[in-house]
Enquirer: 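Here you go, one structure.
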Amino acid sequence: MTDHLGSSTTACDDALTSLDHDGLRLLSRSPHPYHRQTSELLEPSSGYAVRQSPPPTDSGTEADDEHFLKGLPAPRRLHKGLRGRNDISSGASTPFLAPPTFLNEEGRRPSLGTRRAWNQTAPTTIDKWKRKRIKEVARRSTELLIVGVLGLFVCANAHVKPILQRSSRELCYAATVAAALIILYPLRLLLWAYWHRRPSRILPITIPSSFDPAPLVYPPIITLLVSSLIAVDNSAILLPNIILALCSLPRALIPTLSSGSEDVSPLHWVLTLVPLVVSHTPSHPPTAPGTDWTADVLPAALSPEVAILLYPLHCSLLRLLHELTTTSLLPAELQLLSVSLINILLLSSSPQTIILKALLWVGGLDILVFCSNPIRWGISIARVPKWRFKRSSSPAKRNSSFLSTLMSWRRMKHDLFHSPLDSSSCSSCEAIDDTDDTDDPSTQISKGLARVRTSNVGGALPTRDFDVSSFSGLDDANAKKAETVKVRRHTLPATSRQRKRQTHTPSGRKKRSASISIKPFVSLTYKQAVIRKWVYALYVYSCIIGAIFVPLPIIGVKEVVARGSLHGDEPVGWALGYLFGDIQWFRWQVVSHNLGSWIRLPLRSSQGKGQTVEYGWIEKLRASFGEANTRLLLSAYCLVIIAAGLTIVFRLSPVCEVDTRRKVFHFMMVAMFLPITYIDPCFVALALSIVLAAFLLLDLLRASQLPPLSKPLALFLAPYIDGRDLRGPVVISHIFLLIGCAIPLWLSTGSLPRSDYGHSKGWSIDTREIAMISGVVCVGLGDAAASLIGRRYGHRKWLWGGGKSLEGSAAFATAVFLGLMVAHTWLRLGGWAATNRHADTWQTTMQKTGVCASIASLTEAVLTGGNDNVIVPVVLWTCVKSLGV
């Protein structure tokens with residue numbers, strides 16, 4: 001808690017200690033360059049020791065600016081594991097009040113914080129510091145205002161109002177708990193300050209201008225807003241998300257008595273259980289014996305036993321995601337990712353979501369359990385330079401004659417110049433550390449207990465015990481190490497051969513110590529290391545294939561998909577019928593070979609599908625052409641767009657900068673998904689789920705550095721990475737681009753009613769809505785337009801500064817507005833049934849669309865605590881869905 005307090009003498013000591021620690025850190029070598037230290041973990045301990053809060057992170061188009069790219073570190077690191085003094089370890093913003101001794105902002109108060117230093121500061125510096133604080137306050141206030149407006153839009157929705165009224169007690173409790181924890185936090189700091197210190201100010205708390213409320217605001221509020229909109233079709237999912245919203249509150253807000261860090265806070269766990277108790281308690285107890293008191297109880301999609309375990313599941317998943325992604329994701333992104341994965345695991349109902357659950361949870365856990373160690377070993381082998389491997393033994397030489405032995409130049413050189421007989425004098429080959437060159441304290445102690453051996457004139461080797469220091473209680477291992485012999489240099493000949501020094505090379509240079517992770521592999525030859533890498537790679541590939549096709553209900557992805565989303569049908573045969581079932585030749589082969597039990601053929605349009613709505617002309621054309629044939633046509637269309645886009649990117653590589661080439665991929669997403677999403681939304685949602693799983697798997701193979709796919713993938717992605725990709729081991733640009741386009745579609749397909757007929761139950765949606773393509777419009781059009789226009793014509797910056805310009809934000813809003821209007825026009829022209837039944841006029845639709853585009857653009861301009869390719873599409877989906885555009 002001391003780190004949150006104002007300037008004091010203890011703060012000065014902490015600053016000096018911090019500087020000393022940073023200086024020592026420069027000399028250390030870490031085998032995990034992306035891992036944070038204990039004080040840098042996501043969940044701080046109750047001592048309130050908070051890691052350094054870096055400047056607001058650049059996201060979206062700001063991360064692509066040239067001035068930002070000039071400051072990026074080089075992709076190749078000459079010294080692995082080393083960090084500079086000014087290197088930001090995580091790049092993440094934190095909602096916890098950062099200590100003034102760790103502030104690293106322009107025009108800040110002096111780090112020592114004394115009154116004398118503050119009075120000697122120039123008035124211009126003070127004014128500049130105050131102006132920056134005011135701008136940052138305006139930025140954060142705008143961010144909170146956007147979230148508040150979104151909440152008003154959701155509460156004003158006619159379909160959401162009954163759900164909120166029914167769950168008013170649970171929501172009021174969650175809001176009360178969050179508000180009380182936020183209010184009590186500064187009071188706890190003040191109490192601790194006056195109890196343990198003598199502060200020089202009445203209010204010894206300083207809020208830095210780098211304060212970012214994103215981890216405090218976005219995870220709980222976005223969870224509640226999105227779940228409220230989806231609960232229109234299934235109100236039972238709201239209660240688990242209220243519990244998850246409380247689980248996502250920052251750890252520092254929760255009081256605790258223990259001084260060490262803990263994964264699960266008992267008080268936090270109790271606070272998350274109260275909504276479950278309140279939901280099972282009637283607000284008005286029955287007065288008559290026959291009164292149904294359960295009418296006002298909010299239904300739950302989970303049993304109470306499962307709902308109780310949501311908090312420990314969330315904490316364990318956070319720890320696992322942090323270990324896997326290290327510094328690639330910000331704290332708010334980790335919280336949102338954990339909440340989303342838990343919703344997919346426990347609340348999946350549609351076939352597409354169940355398939356996504358099987359790919360992420362079943363396949364991901366299989367790879368994590370069976371392949372984590374081989375992947376770690378492969379990374380360790382890849383970190384060993386070639387020259388550090390053991391030299392392969394040379395072939396046996398012919399027996400030398402007596403004359404050649406007598407005239408040996410090595411022997412002559414030794415007799416004349418007293419040079420060593422050993423020919424190993426290459427300092428680079430001797431730079432491999434030995435067991436003596438380690439940081440183990442026990443080893444260092446054992447070095448002092450060595451016995452020195454000397455030789456006398458007669459050649460005898462008397463041994464003298466020379467105890468440098470005496471220690472008691474050493475174990476047997478140290479006692480054995482104490483018997484090691486060191487040879488003293490002398491000029492007298494001895495019969496025994498001198499041993500080489502183990503801590504230094506023959507040239508006198510101290511050997512560099514190797515990390516613990518690569519020490520087991522330096523004893524291998526290079527050929528043995530390559531063979532071992534291929535063995536690890538074959539094992540990993542075998543595990544991936546086994547995780548997909550093994551016929552077990554919990555381990556096999558295919559088995560889970562068959563039972564959960566295909567009603568027991570075999571997935572491969574079902575996929576063949578899903579894509580080729582309307583081809584006449586294919587149908588004849590299936591029927592003639594009696595494969596109908598394996599390959600499910602789609603029903604003919606004349607066989608009667610329960611039509612609940614009147615279809616438009618595109619749906620009628622699709623039915624006459626064949627639904628499976630339409631899917632083949634859509635797949636071919638997407639392949640043509642991908643081929644054309646890659647051709648354009650490769651041709652622009654010599655003449656255009658990286659940002660322009662990156663935006664080609666954004667326009668590819670628009671060209672692919674904007675026309676086809678309304679035609680078959682379930683097929684597009686399924687395709688996006690499979691592509692996301694493929695992207696994650698390929699990035700895992702790239703990061704594992706296992707042959708043969710690792711190097712080609714790394715070389716292909718290298719020209720298109722930006723600053724966010726260099727923050728950790730995960731290349732997140734293409735993954736977040738896909739997720740930003742897919743999340744609105746997944747949310748819409750999960751909240752719309754589905755048609756029921758035959759073996760294709762749940763695979764068709766009768767209604768459409770503009771919110772489906774909000775992610776494609778936001779990421780594909782808005783982000784690309786803001787980047788291209790802002791970089792070239794952006795001269796007027798926002799009030800709070802940064803890389804975002806007014807011209808870029810205006811381009812973002814204009815592109816989103818046009819994209820939504822094009823989607824609305826395509827929805828009307830196609831004749832699809834809309835969720836709002838086209839009740840709004842064109843003027844009303846344009847007004848609502850303008851409001852949604854403005855809010856999305858403003859969110860993109862102020863957002864710093866999360867990736868805009870994920871947060872902004874969700875904000876736009878929430879706005880479009882709640883306003884009923």
Side-chain angles (χ1 to χ4, degrees), residues 34 317 320-321 323-326 328-329 333 337 340-341 344-345 348 352-379 382 533-550 552 554-561 565 571-572 575 635 638-639 642 646 665 669 685-718 720-721 725 728-743 746 869-870:
Y34 296 117
L317 190 57
L320 176 61
L321 293 174
E323 291 294 332
L324 293 177
T325 61
T326 59
S328 295
L329 298 181
E333 296 169 353
L337 179 59
S340 302
L341 289 175
I344 293 174
L345 174 65
S348 299
Q352 295 80 21
T353 314
I354 293 176
I355 292 176
L356 182 63
K357 177 181 73 173
L359 293 173
L360 296 182
W361 277 97
V362 179
L365 289 179
D366 288 345
I367 295 175
L368 180 65
V369 172
F370 295 104
C371 302
S372 57
N373 286 333
I375 289 176
R376 189 181 300 111
W377 297 334
I379 295 174
K533 287 175 65 175
W534 275 99
V535 171
Y536 294 155
L538 292 177
Y539 173 80
V540 171
Y541 297 145
S542 302
C543 290
I544 293 173
I545 296 175
I548 296 175
F549 295 102
V550 65
L552 293 178
I554 300 178
I555 300 178
V557 174
K558 190 178 74 170
E559 191 69 20
V560 174
V561 170
S565 61
V572 177
S635 302
C638 292
L639 291 177
I642 292 174
L646 292 178
F665 295 103
M669 304 294 285
L686 175 63
L688 288 174
S689 301
I690 296 175
V691 173
L692 175 62
F695 277 9
L696 294 175
L697 182 60
L698 290 177
D699 198 71
L700 174 65
L701 296 177
R702 179 201 58 81
S704 66
Q705 304 187 36
L706 294 176
L709 298 178
S710 176
K711 285 188 177 180
L713 290 174
L715 293 176
F716 177 77
L717 294 175
Y720 310 108
I721 61 176
D725 300 323
V730 182
V731 179
I732 62 176
S733 293
H734 62 291
I735 297 177
F736 278 6
L737 175 63
L738 179 66
I739 291 176
C741 295
I743 283 181
W746 290 336
N869 286 343
V870 177

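Atom set for the values below is all heavy atoms of this structure, side chains included, hydrogens, waters and symmetry mates excluded.
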Enquirer: State, to 0.1 Å, how close Y541 and P707 come at their nearest heavy-atom pair, and which atoms those are.
Expert: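 That closest heavy-atom pairing would be OH-O, 3.0 Å.
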Enquirer: Which residues pass the ring pair (Phe, Tyr, Trp, His ring centres under 6.0 Å) test with F370, sequence neighbours left out?
Expert: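 Partners of F370 by the ring pair (Phe, Tyr, Trp, His ring centres under 6.0 Å) criterion come out as none, since no residue qualifies.
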Enquirer: Write down the atom of I732, the atom of S328, and the distance for their closest heavy-atom approach.
Expert: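 Reported closest heavy-atom pair: CD1-O, 3.8 Å.
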Enquirer: The test is side chain to side chain contact (heavy atoms under 4.5 Å, CB included); show your working for L696 and L360 and say whether it passes.
Expert: CA-CA 9 Å; L696 294 175; L360 296 182; 3.7 Å; yes
Enquirer: Can you list everything that forms a side-chain contact (heavy atoms from CB on, under 4.5 Å) with W377? Sequence neighbours excluded, please.
Expert: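 Once residues adjacent in sequence are excluded, the partners of W377 under the side-chain contact (heavy atoms from CB on, under 4.5 Å) criterion are N373, F521, Y536.
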Enquirer: Using every non-hydrogen atom in the two residues, find where V362 and I554 come nearest and quote the distance to one decimal.
Expert: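 Taking V362 first and I554 second, the nearest heavy atoms are CG1-O, 3.3 Å.
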Enquirer: Apply side chain to side chain donor-acceptor pair (under 3.5 Å) to D699 and list each qualifying residue two or more places apart in sequence or on a separate chain.
Expert: R702
Enquirer: Checking L337 against L321 for the side chain to side chain contact (heavy atoms under 4.5 Å, CB included) test, could you report, in this order, the C-alpha distance in whole Å, the side-chain angles of both residues, the deciding distance, and whether it holds?
Expert: CA-CA 9 Å; L337 179 59; L321 293 174; 3.9 Å; yes
Enquirer: Who passes ring pair (Phe, Tyr, Trp, His ring centres under 6.0 Å) against F695, sequence neighbours left out?
Expert: H734
Enquirer: State which residues pass side chain to side chain donor-acceptor pair (under 3.5 Å) with E333; sequence neighbours excluded, sorted by chain then number.
Expert: none
Enquirer: Excluding sequence neighbours, so at least two apart, what forms side-chain contact (heavy atoms from CB on, under 4.5 Å) with V550?
Expert: L552, I555
Enquirer: Identify the heavy atoms of L706 and G378 that sit nearest to each other, and give their distance.
Expert: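 In terms of heavy atoms, the two residues are closest at CD2-CA, 3.8 Å.
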Enquirer: For L365, enumerate each residue passing the side-chain contact (heavy atoms from CB on, under 4.5 Å) test, keeping only those at least two apart in sequence or located in another chain.
Expert: W361, L368
Enquirer: Check side-chain contact (heavy atoms from CB on, under 4.5 Å) between C371 and all other residues, then give those that pass, not counting sequence neighbours.
Expert: I367, I375, V540, C543
Enquirer: Measuring from atom CG of L738 to atom CZ of F665, what distance do you get when rounded to the nearest 0.5 angstrom?
Expert: 13.0 Å
Enquirer: Measuring only between side-chain heavy atoms, which start at C-beta, is L692 closer than 4.5 Å to I735?
Expert: yes
Enquirer: Kindly give the heavy-atom pair with the smallest separation between S689 and L359, and that separation in Å.
Expert: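 That closest heavy-atom pairing would be O-CD1, 3.8 Å.
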Enquirer: For K558, check side chain to side chain donor-acceptor pair (under 3.5 Å) against everything at least two apart and list the hits.
Expert: E570
Enquirer: Which residue in the set I355, I354, L356 passes side-chain contact (heavy atoms from CB on, under 4.5 Å) when paired with S348?
Expert: I354
Enquirer: Shortest non-hydrogen contact from K533 to Q705?
Expert: CE-O, 3.9 Å
Enquirer: Decide side chain to side chain contact (heavy atoms under 4.5 Å, CB included) for I344 and W746; before the verdict, give the C-alpha distance in whole Å, the side-chain angles of both, and the deciding distance to 0.1 Å.
Expert: CA-CA 11 Å; I344 293 174; W746 290 336; over 6 Å; no
Enquirer: List in chain and number order the residues that pass side chain to side chain donor-acceptor pair (under 3.5 Å) with S710, two or more places apart in sequence or in another chain; answer none if no residue qualifies.
Expert: none
Enquirer: Start with the C-alpha gap between I739 and N869, add the side-chain angles, then the distance that decides, and say whether side chain to side chain contact (heavy atoms under 4.5 Å, CB included) holds.
Expert: CA-CA 8 Å; I739 291 176; N869 286 343; over 6 Å; no
